[in-house]
Amino acid sequence: MSKTVYNPFESAQQQFDKVAESLGLDSGTRELLRQPMQEIHFTIPVKMDDGSTKVFKAYRIRHNDARGPAKGGIRFHPHETADTVRALSMWMTWKCAVVDIPLGGGKGGIVFDPHNLSANEQERLCRGYVRRLATQLGPNQDVPAPDVMSNGQHMLWMLDEYETISNGRYPSMITGKPVGMGGSLGRKEATGYGVVYVLKNLLKEMNIPIESTTASMQGFGNVGEYAARMYSELGGKIVAISCWNQVDAQSYTFRKLDGCDVEQLASIKDAFGGIDKEKAAALGYEVLPGEEWIKQDVDILIPAALENQITPAVFPNISKQVKVLCEAANGPTTPDCDPLIRERGIIVLPDFLCNAGGVTCSYFEQVQCSMNYFWDIDEVFEKLEYCMTKAFKAVYKLAVENDLYMRDAAYTIAIKRVAEAVKQRGWA
Ligand code: NAD
């Protein structure tokens, strides 16, 4: 019987253990890298608009900073758990390493749903988060960024609180800030565009023109929307997009077999990446159950929402036409599904390579903030495409030359780099 409940941290550890074993990593390094080096679990009391006080649970977890200051988003989600944040912090370490930027892995989370808080309440919560962590964050320690349901405004409130406490201006303390307030041009597009830069390179290796391909995706938030935009711009056809509907508390798949108009769907989505069901139907989209996205007869599946979406239980629903699984989300595939994917001959673009465009551009943002000199958008995209292409080529070459599953090839490169830094520092 296949599992129905997955723990993302266990998944992250299983993925690591498999490659650590094949690399023959010594036991000390293995022990150090299979868990976070620091965890802070805390509560944030917030005065609500009605005068009551609510207490929110929060985390900041640093997996490893041997290669540089920890880097990682702060996720706002009602189902956030310590294990999700642990897993995400671990994946950040590998992500920074695989694209070879001098940063480590960290992640944060606050257990709440921003749909249910006013802007003032959200501001107080963001400031409370930073007040509690002020001594632990900073450009040389740990640099947060947005993640699911957090955005540039949240980052700016956090920066303002940090700068008030620290009595100075430290714009490289946090990334994903609004442009004009220390943010980098291109950051909002970076993760989604990065996904497609990598996909484009893979299709080239496979001798498949991108214009001849079709795709179905889950998630139309920051990552999904910009991946969809770039993929369509390059001539690919998206036939279905699934996303969460806050009002009905369920997901729907919006399908148009002759191709979704990404611009049009973006104009009817809310701030959290939910597409308006009634408006989509009026525009001629079929409104199907949420899980239909995975069943479409397409060449490419792009999970761009949450973890644990591709499991052995749903794998049989994947069409035989699918050739590429492009993991735009973090941890969308469970480890027990990897053997099935490999056996079917589907090529995986593993999450921590595929969606590394976000952290790469965050790194560019830090560099620009440190120089106090900002690049124009073409320069950002050019550097981003260069980094993503270089990382993809190294992973693909290793996979082809050694007959490795793409995820294992990406892990091999990343783990080797981090283990080397750990060794050089004398930690193991
Ligand atoms: P987001 O909050 O902007 O969007 C999330 C999207 O997923 C929304 O469209 C939402 O409707 C959809 N969704 C949520 N639950 C769903 C469900 N059960 N079924 C179908 N759709 C559902 O988040 P984002 O920033 O786009 O992040 C998406 C994924 O990419 C996450 O795994 C995140 O960790 C990862 N990621 C994000 C970035 C970044 O720069 N934002 C960088 C790297 C990785």
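Along the sequence shown, residues carry numbers from 1.
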Please check if atom [atom1] in [X] has more than 12 non-hydrogen atoms from other residues, nucleotides or ligands closer than 6.0 Å.
X      : atom1 : value
Glu286 : CD    : yes
Glu382 : CD    : no
Lys279 : NZ    : no

Set out, in order, the CA-CA distance, both residues' side-chain angles and the distance that settles side chain to side chain contact (heavy atoms under 4.5 Å, CB included) for Phe56 and Val46, then state yes or no. CA-CA 8 Å; Phe56 296 87; Val46 174; 3.8 Å; yes
Is there a donor-acceptor pair closer than 3.5 Å between any side-chain N or O of [X] and the backbone N or O of [Y]?
X      : Y      : answer
Thr214 : Asp299 : yes
Thr93  : His63  : no
Ser11  : Thr334 : no
Asp142 : Leu137 : no
Ser118 : Glu121 : yes
Glu327 : Cys354 : no
Gln141 : Gly138 : no
Asn245 : Gln250 : no
Lys177 : Glu365 : no
Asn222 : Lys188 : yes

Applying side chain to side chain contact (heavy atoms under 4.5 Å, CB included), name anything that partners [X], two or more places apart in sequence or on another chain.
X      : answer
Thr43  : Val55
Glu161 : Arg127, Val130, Arg131, Ile165
Thr135 : none
Val111 : Lys57, Tyr59, Glu80

For the pair Ser242 and Glu292, evaluate side chain to side chain contact (heavy atoms under 4.5 Å, CB included) and give the outcome as yes or no after the intermediate values. CA-CA 8 Å; Ser242 162; Glu292 286 296 311; over 6 Å; no
Please confirm whether Lys269 makes a cation-pi placement over Phe220, using NZ or CZ under 6.0 Å from the six-membered ring centre and within 45° of the ring normal. yes
Between [Y] and [X], is there a side-chain donor-acceptor contact under 3.5 Å, judged purely by atom types and distance?
X      : Y      : value
Thr253 : Lys295 : no
Gln122 : Trp157 : no
Asp50  : Ser52  : yes
Thr84  : Glu307 : no
Gln296 : Arg255 : yes
Gln424 : Glu420 : yes
Asn120 : Asp49  : no

Show the nearest heavy-atom pair for residues [X] and [Y], with the distance to one decimal.
X      : Y      : answer
Ala428 : Thr29  : CB-OG1, 3.4 Å
Leu384 : Cys361 : CD1-N, 4.4 Å
Cys260 : Ala240 : SG-N, 4.0 Å
Gly284 : Lys256 : O-CE, 3.7 Å
Phe392 : Leu202 : CZ-CA, 3.5 Å
Ile210 : Leu203 : CG1-CD1, 3.6 Å

Output the distance between atom [atom1] ([X]) and atom [atom2] ([Y]), rounded to the nearest 0.5 Å.
X      : Y      : atom1 : atom2 : value
Leu133 : Met158 : CG    : CE    : 9.0 Å
Lys54  : Leu125 : NZ    : CG    : 11.0 Å
Asp351 : Lys95  : CG    : NZ    : 6.5 Å
Ser89  : Glu39  : OG    : CD    : 7.5 Å
Ile174 : Asp160 : CD1   : CG    : 11.0 Å
His154 : Phe76  : NE2   : CZ    : 5.0 Å

According to side chain to side chain donor-acceptor pair (under 3.5 Å), who are the partners of [X], at least two apart in sequence or on a separate chain?
X      : result
Glu189 : none
Glu21  : Arg30
Asp297 : Ser319

I'd like to know if Glu233 pairs up with Arg229 as an ion pair, taking the criterion as any Lys NZ or Arg NE/NH1/NH2 lying under 4.0 Å from an Asp or Glu carboxylate oxygen. no
Kindly determine whether Met181 and Leu159 satisfy side chain to side chain contact (heavy atoms under 4.5 Å, CB included), including the steps that lead there. CA-CA 10 Å; Met181 291 301 294; Leu159 174 67; over 6 Å; no
Within the structure provided, determine whether Asp276 and Asp270 are in side-chain contact (heavy-atom separation under 4.5 Å). no
In sequence, state the C-alpha distance, the side-chain angles, and the governing distance for Ser150 and Arg75, and then conclude on side-chain hydrogen bond (donor to acceptor under 3.5 Å, both in side chains). CA-CA 6 Å; Ser150 55; Arg75 185 178 279 197; over 6 Å; no
Side chain to side chain contact (heavy atoms under 4.5 Å, CB included) assessment of Ile341 paired with Ile318: CA-CA 10 Å; Ile341 295 168; Ile318 295 180; 6.0 Å; no
Residue pairs involving residues 121-153 (criterion ring-ring contact (aromatic ring centres under 6.0 Å, His included); sequence neighbours excluded): Phe42-Tyr129
Write out all pairs satisfying ring-ring contact (aromatic ring centres under 6.0 Å, His included) with one or both partners inside residues 238-291, taking only residues at least two apart or from two chains. His115-Phe272
What residues, two or more places apart in sequence or in another chain, satisfy ring-ring contact (aromatic ring centres under 6.0 Å, His included) together with Tyr197? none
Tell me every residue that passes ring-ring contact (aromatic ring centres under 6.0 Å, His included) with Tyr405, counting only those two or more places apart in sequence or in another chain. none
Side-chain donor-acceptor contacts of residues 96-108 below 3.5 Å, not counting sequence neighbours, with atom names and distances?
from   : atom 1 : to     : atom 2 : distance (Å)
Asp100 : OD1    : Arg67  : NH2    : 3.0
Lys107 : NZ     : Asp147 : OD1    : 3.0

